[in-house]
Amino acid sequence: MKVLVIDDEKFIRNVFASELAQENIDVALAGDGEEGLAKAKEWHPDVIVLDMILPKRDGFELLELFRKMPELKGVAVYAFSELAQEHDKSEAMELGAIEYFSKDQHTVRQVVDAIRARSAGK
């Protein structure tokens with residue numbers, strides 16, 4: 001399994017890289033929306049963990065772009081964001097995120113566990 005983590009916080013990217021590596025999952029990291037879009041196109045991940053507040057292109061814009069890209073059809077996108085308002089969650093889900101995790105209520109480990117559980121169910 002290949003997971004792309006798109007988050008502008010280096011600490012968060014590094015924690016995801018460490019946690020996913022412990023699960024023997026291949027990881028790629030991107031620090032902004034443009035870099036994330038480019039890596040998604042070239043690397044074809046199975047899962048994307050997406051922050052919604054990003055420089056250059058935000059997570060909402062990326063979700064719209066991902067949905068239009070045939071090479072990313074079927075990619076599971078998990079939103080992991082500081083945005084905790086219900087309308088933000090609803091919009092992300094409508095745009096294609098399969099789960100929404102608020103950074104103030106969830107940990108990186110919980111997101112990794114959700115990814116692992118989904119992959120085990122396939």
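Computed from a predicted structure; not experimentally measured. Positions are given from 1, in the same order as the sequence printed here.
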With sequence neighbours left out, the residues meeting side-chain contact (heavy atoms from CB on, under 4.5 Å) with V15 are F11, E19, V108
Sequence neighbours left out, cut at 3.5 Å: what donor-acceptor pairs do the side chains of residues 22-29 make with other protein atoms?
unit_1, atom_1, unit_2, atom_2, d
E23, OE1, R116, NE, 3.3
E23, OE2, R109, NH2, 2.7

Residues 58-75 vs salt bridge (charged side-chain N to carboxylate O under 4.0 Å, His left out), sequence neighbours excluded, gives R57-E61
Contacts satisfying salt bridge (charged side-chain N to carboxylate O under 4.0 Å, His left out) that involve residues 98-107 (not counting sequence neighbours) are D7-K103, E9-K103, D51-K103
Heavy-atom closest pair (A40 atom, L72 atom, distance to 0.1 Å) is O-CD2, 3.6 Å
What one should report as the nearest heavy-atom pair of G59 and L54 is N-CD1, 4.2 Å
Given the rule that I, L, V, M, F, W and Y join up when any side-chain heavy atoms are under 4.5 Å apart, are I98 and L20 in one cluster? yes
Any chain of hydrophobic side-chain contacts (each under 4.5 Å) joining I48 to W43? yes
Contacts of K56 meeting salt bridge (Lys or Arg N to Asp or Glu O under 4.0 Å) (sequence neighbours excluded), chain-then-number -> D32
In short, ring-ring contact (aromatic ring centres under 6.0 Å, His included) pairs touching residues 49-75 with sequence neighbours left out are none
The complete set of ring-ring contact (aromatic ring centres under 6.0 Å, His included) pairs with one or both residues in residues 89-110, sequence neighbours excluded, reads F101-H106
Only one of I12, L4, I115 passes side chain to side chain contact (heavy atoms under 4.5 Å, CB included) with V49, and that residue is I115
Looking at K39 and A30, would you say the former's side chain and the latter's main chain have a donor-acceptor pair under 3.5 Å?
no
Would you list the atom pairs, donor with acceptor, under 3.5 Å between side chains in residues 75-93 and any protein atom, with sequence neighbours excluded?
unit_1, atom_1, unit_2, atom_2, d
S81, OG, L83, N, 3.0
S90, OG, E86, O, 3.0

CG of L62 to CG of L37, rounded to nearest 0.5 Å, is 6.0 Å
### Query
Are L63 and M52 close enough, and set up right, to give a side-chain contact (heavy atoms from CB on, under 4.5 Å), and what steps lead you there?
CA-CA 9 Å; L63 280 168; M52 303 312 290; 3.7 Å; yes
Residues at least two apart in sequence or cross-chain that pass ring-ring contact (aromatic ring centres under 6.0 Å, His included) with H44, listed by chain then number, are none
